[in-house]
Amino acid sequence: MATTLMRNTAPREHPGRYYGYMSAVAVLAIAVAGFTAVRSGAFDGGLFSVPFAFWLTAGLALVAEFRPNRWGGLWMSPIASIYLVYALATMITWGFLPALVVQSAAVTLLCVQIRASAWRTIFNVSQQGLALCVAWYVWDALSGSPTWGGTPLQILAIFAAGTAWPLVSSALVAYRQSLRTGERFLYLTWQWLKSEWALRATQIAIAPILATAAMSSWWLVAASAIPIFSVYRILQTAADREREADHDPLTGLLNRKGFQEVVDGKLADAAETKTAVALLILDLDRFADVNSALGHEVGDQLLVELAKRFTTDIPLGKKIAHLGGDEFAFVWSELDGMTDPMECAREIRARLDAPIVLGDVSLEVDGSVGIAVFPDDGPDFQTLFRHADIAMYESKQRAGTYTRYGAEFDHHSPERLHLLGDLRRALDHPDAPGVNLFYQPQVRLVDGEVIGAEALLRYSHPERGVVNPAEIIETAEHSSVMRMLTERVVDIALRQLRTWREAGYDLRMAVNVSVRDLQSPEFTDFLTERIDAYGVNAKRLQLEITESALMADPRRVLQNVQRLSDLGVGISLDDFGTGFSSMQHLRRLPVTEIKIDKSFVTTLCDDPDNAAIVSTTIDLGRALDVEVVAEGVEDEKVRRQLESWGCHAGQGWHFAKPMSADAFERWMAEQRKED
Ligand code: C2E
Ligand code: MG
Ligand code: MG
């Protein structure tokens, strides 16, 4: 278990102090326990003169610990177990030394089962030994008579001794933990006591009953085991449930709620000291594929393995959460030693480098990290979290590995949220005005024949007027509105295509599709259905996809593009040359056309670099047998140059600006007249 292994490691900083402390506890325990054993008169009557009831009690204490992996937690000490009842009962019935032997045997057994390292086992035996010594002194001082008689005073004494035990033990463990993680000692002690008090109180309350049973007959000791074990079971379930509230049961890491508490604490400290806190979100790529191809069990194992990787050798104060699904979150503050948030992201990514081996499967994992830093990127948990999420999404879009939040990525400013709401309202009703298409002709360069048109979105907002389509796409792309929008655009475009055919124009229609459309297979189904409904030829439809769309999730997008191509729909690589790996996409995709981006075309006569890019792209298209369309043709000089290079078609203001359907028809009619 990750947390168990983690506890076995020493902190990277000040390991000497850490081991020194543990050695001191061990030495002190030996000295104090030896002294106490002599003082308690343990050797006076001989250790083994105890009755059978003692052996039964000791046996039950060991049996009680003979269940591995009972606590999987960070907070809940795995040593928080049942033997305290038997140790206390033994102490008041048969004296200090038999109790120490029972307790030490039980702790050792437990440590073996949870795979604790040797020094950790020694520390646990020692710290609980010290706790028992203190408990014995309290008992000895208050009980009046060392022989258990069940008097009210003795009951009070055992309650006091029993209370001292967890106080000492928690403090010793919390101090070790504070050396490990850098967290405050008092805070840790409090956490420990808070998580264990119910269990401890019950054990302390049962101890005198067990002692009384042991004094009268060993049968009663045996019989008392049943209620002891059941009470314990109930408490354990309750404690587990409490723990689950802020931990993720699968990985043992914090969940979102627990994470928020930790981050809030760190932000408060950072605000006081004017220091920075980095919040990072990691989202794995293609995790859904692992689940669907290999099953959810393998997916879960993968997450557990990753949690292990992230928690090994973790720096002081850095906290990790599993937010569910394939998302992890990290927080690290300057006070904990964080110097560069980007370095923190690189470190997370480095831990994904090696493949994860599960049985005989070896899985490559990859993921995108988003970073938000307090105070620059947000004042509170909610804002930082949202911004880290936005940065993570941005990083995915760019197929980058990590990105720090920038206001320009935020598609959710209040203004944009309004726009989104208005757009949704306009799309909700099929006949509501506002969403429309403009058409811009595409012209064959050799003979000037109009071969088709690109459909371009025009949304006229009731107050803002016509909104820039790029802004609309950016806003809608991150929401379900995008799907509604594309469906509306496809619907209008196909209807227009049919109208043109009926009017005797044999044109093709180019429609832009967004990242989101290509990620869902439903889009293909929708398109097939609409093509059928309007009775248009699929070959007359051209889908323009941009490279950034392809980068978002290449495999899933590729699958959907292939399905669309199988339908007969043409695939056009829009804005060619502006992306990063155009060549790769050309090779892998069923592309039928390249659209050279207008940024190269418009200035090609004045800029030799752009001229070289455009002419090379045209050659490339010829070599790969795909058509090349140049967008942004603004004058005759450019048109002529493109024609001389053998470019297939052009689109741009030189021919016509985008226009409404009516204007387009008038324009077409004029073109015919001219011919
Ligand atoms: P795009 O697909 O590259 O569309 C070409 C853009 O270039 C259009 O801008 C068009 O008006 C503009 N343009 C055409 N000729 C010229 C020219 O000669 N010079 C210059 N400087 N510009 C020219 P628009 O209509 O503003 O569209 C911008 C972008 O918005 C489009 O770029 C496309 O990516 C996106 N878009 C437009 N409509 C839709 C749609 O229905 N769905 C999706 N997903 N995206 C769309
Ligand atoms: Mg386009
Ligand atoms: Mg374009």
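Both counts, for ligands and for their atoms, begin at 1 and track the order of listing.
By the criterion of a heavy-atom distance under 4.0 Å, the backbone of Val513, and not its side chain, is placed next to ligand 1. Under 4.0 Å from ligand 1, the heavy atoms of Glu544 that appear belong solely to its side chain. Neither the backbone nor the side chain of Glu477 has a heavy atom within less than 4.0 Å of ligand 1. Contact annotation: for Val633 versus ligand 1, heavy atoms closer than 4.0 Å belong to the backbone alone.
Rounded to 10°, the angle formed at the Mg ion (ligand 3) by OD1 of Asp574 and OD1 of Asp575 is 90°. Taking the Mg ion (ligand 2) as the corner point, the angle from Glu454 atom OE2 to Glu544 atom OE1 is about 90° (rounded to 10 degrees).
Metal site remark for the Mg ion (ligand 2): Asn512 contributes an N, O or S atom at a distance under 2.8 Å.
Distances from ligand 1 to the non-hydrogen atoms of Glu454 include at least one value under 4.0 Å.
For the pair Arg256 and Phe385, the cation-pi test (distance below 6.0 Å, angle within 45°) is passed.
Partner of Ile596 under the side-chain contact (heavy atoms from CB on, under 4.5 Å) criterion, out of Ile618, Leu604, Ile613, Asp574: Ile618 alone. None of Val435, Leu457, Val481 except one satisfies the side-chain contact (heavy atoms from CB on, under 4.5 Å) rule with Ile472; the exception is Leu457.
No hydrogens or angles considered: a donor-acceptor pair under 3.5 Å links the side chains of Ser644 and Gln641.
Put simply, atom 9 (O) of ligand 1 has no protein non-hydrogen atoms near it, under 4.0 Å away. Atom 32 (O) of ligand 1 is never approached by the protein to below 4.0 angstrom, counting heavy atoms only. Distances from atom 29 (C) of ligand 1 to the protein include no heavy-atom value under 4.0 Å.
Between the side chain of Arg495 and the main chain of Tyr534, no donor-acceptor pair closer than 3.5 Å is present. Listed for the Thr602 side chain is no donor-acceptor partner under 3.5 Å among the backbone atoms of Ser599.
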* To do: Would you please test His648 and Ile451 for side chain to side chain contact (heavy atoms under 4.5 Å, CB included) and show each step?
  => CA-CA 11 Å; His648 184 255; Ile451 53 168; 4.2 Å; yes
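The shortest N or O to N or O distance between Gln651 and ligand 1 is not below 3.5 Å. For Lys598, a nitrogen or oxygen atom sits less than 3.5 Å from a nitrogen or oxygen atom of ligand 1, counting backbone and side chain alike. Note: an N/O pair closer than 3.5 Å links Leu457 and ligand 1 by distance alone. For ligand 1, the polar-atom distance check against His654 finds no nitrogen or oxygen pair separated by under 3.5 Å.
Atom CZ of Arg530 and atom CG of Asp525 lie 13.0 Å apart (nearest 0.5 Å). Distance check: Ser572 OG to Ile545 CD1 gives 8.0 Å after rounding to the nearest 0.5 Å. In this structure, the separation between NZ on Lys318 and CE on Met338 is 10.0 Å, given to the nearest 0.5 Å.
Counting only non-hydrogen atoms, the option in Thr602, Asn512, Thr546 that gets closest to atom 45 (N) of ligand 1 is Asn512.
Scanning all protein heavy atoms for the shortest distance to atom 24 (P) of ligand 1 gives Pro469 CG, 3.7 Å. Among protein heavy atoms, the minimum distance from atom 11 (O) of ligand 1 is reached at Pro658 CG, 3.4 Å. Among all non-hydrogen protein atoms, the one lying nearest atom 35 (C) of ligand 1 is Ile473 CG1, 4.3 Å. Summary of contacts: the protein heavy atom closest to atom 1 (P) of ligand 1 is Asp574 OD2, 3.8 Å. Among protein heavy atoms, atom 16 (C) of ligand 1 sits closest to Trp653 NE1, 3.2 Å. Nearest protein heavy-atom contact of atom 3 (O) of ligand 1 is Asp575 OD1, 3.1 Å. Closest to atom 37 (C) of ligand 1, if we only count protein heavy atoms, is Leu456 CD2, 3.7 Å. Looking from atom 15 (N) of ligand 1 to the surrounding protein, the closest heavy atom is Gln440 NE2, 2.8 Å.
Residue His387 comes nearest to Asp377 through the heavy atom pair ND1-O, 2.7 Å, listed as atom of the first residue, atom of the second, then distance. Scanning both residues, Ala611 and Trp645, for their nearest heavy atoms gives O-CH2, 3.5 Å. The two residues Ile281 and Met392 come nearest to each other via the heavy atoms O-CG, 3.7 Å.
In this structure the side chain of Thr592 reaches within 4.5 angstrom of the side chain of Gln542, judged on heavy atoms.
For ligand 1 and Val489, the ligand atoms under 4.0 Å from any heavy atom of the residue are 41 (O). Ligand 1 places these atoms under 4.0 Å from at least one heavy atom of Gly652: 15 (N), 18 (O).
Ring centroid separation for the pair Tyr439 and Trp667 does not come in under the 6.0 Å cut-off.
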